[in-house]
Number of protein chains: 2
Amino acid sequence: MIVPEVQAEIDKFLQGKGLRRTRQREVIVEAAFSTDEHFTADDLWERSRKIDRTVSRATLYRTLSLLVEAGLLTEIDLGKDIKYYDPNFLEHPHHNHLICVDCDKVVEFSDANISLLEDCITRRLGFRPTKKAIRIEGTCEELRRTGFCKSRVDKGPA
Amino acid sequence: MIVPEVQAEIDKFLQGKGLRRTRQREVIVEAAFSTDEHFTADDLWERSRKIDRTVSRATLYRTLSLLVEAGLLTEIDLGKDIKYYDPNFLEHPHHNHLICVDCDKVVEFSDANISLLEDCITRRLGFRPTKKAIRIEGTCEELRRTGFCKSRVDKGPA
DNA sequence: GTTCGTGCAAACCGTTTGCACCGAC
DNA sequence: GTCGGTGCAAACGGTTTGCACGAAC
């Protein structure tokens, strides 16, 4: 994926703040941006440890904060009780999330009209938008019509 | 506010599930719906205890779940790390939230066009929408222009 | 050599749960 | 009297933090 670009970006960020480039930070960035799936802190910890077994949870969390602060990673709310992180905002800065309640699949979408509407509404209320997030939960139409949803297969009976 | 109506509603819900009407549940409902502000579990606990000092955290949380399950209260994500609850969805079932990053003020809004767009997009992706939430964070235009925001007064210096 | 980063384990904090007693029905 | 509800305190799970050692610069 875009790991090298992200490494450059985080280098710039670290340098700007007088912070150091460490093996652990490299590993975590590599683990985070070698996929375009959303992940939890724990997911990322496991993936990092596959590259370097010594990465600790503490460092994972500390680095995660840095990446969010640097704007390379975005916290998203998928309606679960744990935080998810989305590595795709660099490439698609304005996307939103649709979550299937049948199979838990997450579909990203963006729509210029809806963005525009959001901006209008925000300004009308006397604010300037800085961060916008739409989360839609839905049921799979295919499952409802045909009784079968290919994304649902691995989830066991309804 | 609409406390009596809500009491009737929760009574119906409890009865339907063979659950009991208790003093504690009455108190918590009263505390929850005597305001139209968003609140945390702890906020609600304190308000409940002002009515009846014996309400415990455990019962608070258990009742909170019931109210959400009954559809009387909605969990919302205000971008903070704790859960907030919104008692206003009964009266305004389709509203969204705009959060001011300057003063933390939350403005509710709804918009038919945006709702329609959400539905279209969801169907186009092969799903049927069940729950939709828009969260916009923004900065106060008044504060930016005049250096003063009446909602900000109680927050101390920038 | 200085300073920042790290791993470890303990602390934290919002929430949930096991248990014995209590109260609605 | 039965069964669900409650308060208490302990447990839980994700996240943060204090500390002493280690590594970047």
Side-chain angles (χ1 to χ4, degrees), chain A residues 7 10-32 38-70 73-85, chain B residues 7 10-32 38-70 73-85:
Chain A
Q7 286 286 7
I10 183 76
D11 278 353
K12 213 191 310 172
F13 177 79
L14 292 175
Q15 209 159 349
K17 303 202 85 176
L19 302 176
R20 292 167 186 174
R21 172 167 188 154
T22 65
R23 163 98 184 123
Q24 288 85 341
R25 286 175 179 163
E26 284 171 10
V27 167
I28 292 168
V29 167
E30 185 185 337
H38 310 129
F39 52 79
T40 64
D42 227 56
D43 293 339
L44 184 54
W45 187 50
E46 281 182 24
R47 262 190 288 134
S48 301
R49 281 168 71 85
K50 279 186 189 147
I51 305 172
D52 182 336
R53 187 66 51 85
T54 76
V55 172
S56 71
R57 266 201 174 80
T59 298
L60 191 279
Y61 278 107
R62 290 188 273 233
T63 305
L64 214 33
S65 303
L66 284 179
L67 291 173
V68 170
E69 193 191 337
L73 227 45
T74 307
E75 280 186 15
I76 56 171
D77 168 35
L78 294 183
K80 314 252 180 290
D81 285 339
I82 27 173
K83 279 184 197 164
Y84 279 79
Y85 295 86
Chain B
Q7 286 285 7
I10 184 76
D11 277 354
K12 214 191 312 173
F13 177 79
L14 292 174
Q15 209 158 351
K17 302 202 85 174
L19 302 175
R20 293 168 184 172
R21 171 167 188 154
T22 65
R23 164 97 184 125
Q24 288 84 344
R25 286 175 180 165
E26 285 170 10
V27 167
I28 292 168
V29 167
E30 185 185 337
H38 309 129
F39 51 79
T40 64
D42 227 56
D43 294 338
L44 184 55
W45 187 50
E46 279 182 25
R47 264 190 287 135
S48 301
R49 281 169 72 84
K50 279 189 187 146
I51 306 173
D52 182 335
R53 187 66 52 84
T54 76
V55 172
S56 70
R57 266 201 173 80
T59 297
L60 190 279
Y61 278 107
R62 290 187 273 234
T63 304
L64 214 34
S65 302
L66 284 179
L67 292 173
V68 170
E69 192 190 336
L73 226 46
T74 307
E75 279 185 15
I76 56 171
D77 168 35
L78 293 184
K80 314 252 181 288
D81 284 340
I82 27 173
K83 279 183 196 164
Y84 278 79
Y85 295 86

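This one's a predicted model, so the numbers in the text were calculated from it and none came from an experiment. Below, read A as the first sequence line, B as the second, and so on, with proteins coming before strands; counting in each chain starts at 1.
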Nearest 0.5 angstrom please: [X] [atom1] to [Y] [atom2], how far?
X       : Y       : atom1 : atom2 : answer
B:Asp77 : A:Ile76 : CG    : CD1   : 11.0 Å
A:Gln24 : A:Thr54 : CD    : OG1   : 5.0 Å
A:Thr74 : A:Leu67 : OG1   : CG    : 10.5 Å
A:Ile28 : A:Leu73 : CD1   : CG    : 11.0 Å
B:Ile82 : B:Asp43 : CD1   : CG    : 7.5 Å
B:Lys80 : B:Thr40 : NZ    : OG1   : 12.0 Å

Across nucleotides 14-25 of chain C, 5' to 3', mark each nucleotide with B, S or - according to how protein heavy atoms within less than 4.0 Å reach it. SBBBB----BBS
Whole angstroms only, please: what is the [atom1]-[atom2] distance between [X] and [N]?
X       : N     : atom1 : atom2 : answer
A:Leu64 : C:dG5 : CG    : C1'   : 16 Å
A:Lys17 : C:dT3 : NZ    : P     : 19 Å
A:Leu66 : C:dC4 : CG    : P     : 14 Å

For A:Arg57, give me all partners under side chain to side chain donor-acceptor pair (under 3.5 Å), at least two apart in sequence or on another chain.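 Side chain to side chain donor-acceptor pair (under 3.5 Å) list for A:Arg57, sorted by chain: A:Asp42.
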Considering residues at least two apart in sequence or located in another chain, which fulfil the side chain to side chain donor-acceptor pair (under 3.5 Å) criterion with B:Glu46?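 B:Glu46 satisfies side chain to side chain donor-acceptor pair (under 3.5 Å) with no other residue.
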Does [N] have its OP1 or OP2 closer than 4.0 Å to a side-chain nitrogen or oxygen of [X]?
X       : N      : value
B:Thr59 : D:dG5  : no
A:Arg25 : D:dA24 : no
B:Gln24 : D:dG7  : yes

Do other residues, nucleotides or ligands put more than 12 heavy atoms under 6.0 Å from the CD atom of B:Glu75? yes
End-to-end bend of the helix from C:dG1-D:dC25 to C:dC25-D:dG1 (five-pair axes, 10° rounding)?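 One end axis against the other gives 30°.
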Please name all residues satisfying salt bridge (Lys or Arg N to Asp or Glu O under 4.0 Å) with B:Glu26, sequence neighbours left out, ordered by chain then number.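 Once residues adjacent in sequence are excluded, the partners of B:Glu26 under the salt bridge (Lys or Arg N to Asp or Glu O under 4.0 Å) criterion are B:Arg21.
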Is it true that a side-chain atom of B:Trp45 and a backbone atom of B:Val55 form a donor plus acceptor pair closer than 3.5 Å? yes
Of the residues in residues 43-56 of chain B, which ones touch DNA chain D at a heavy-atom distance under 4.0 Å?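 Contacts with DNA chain D under 4.0 Å: B:Thr54, B:Val55, B:Ser56.
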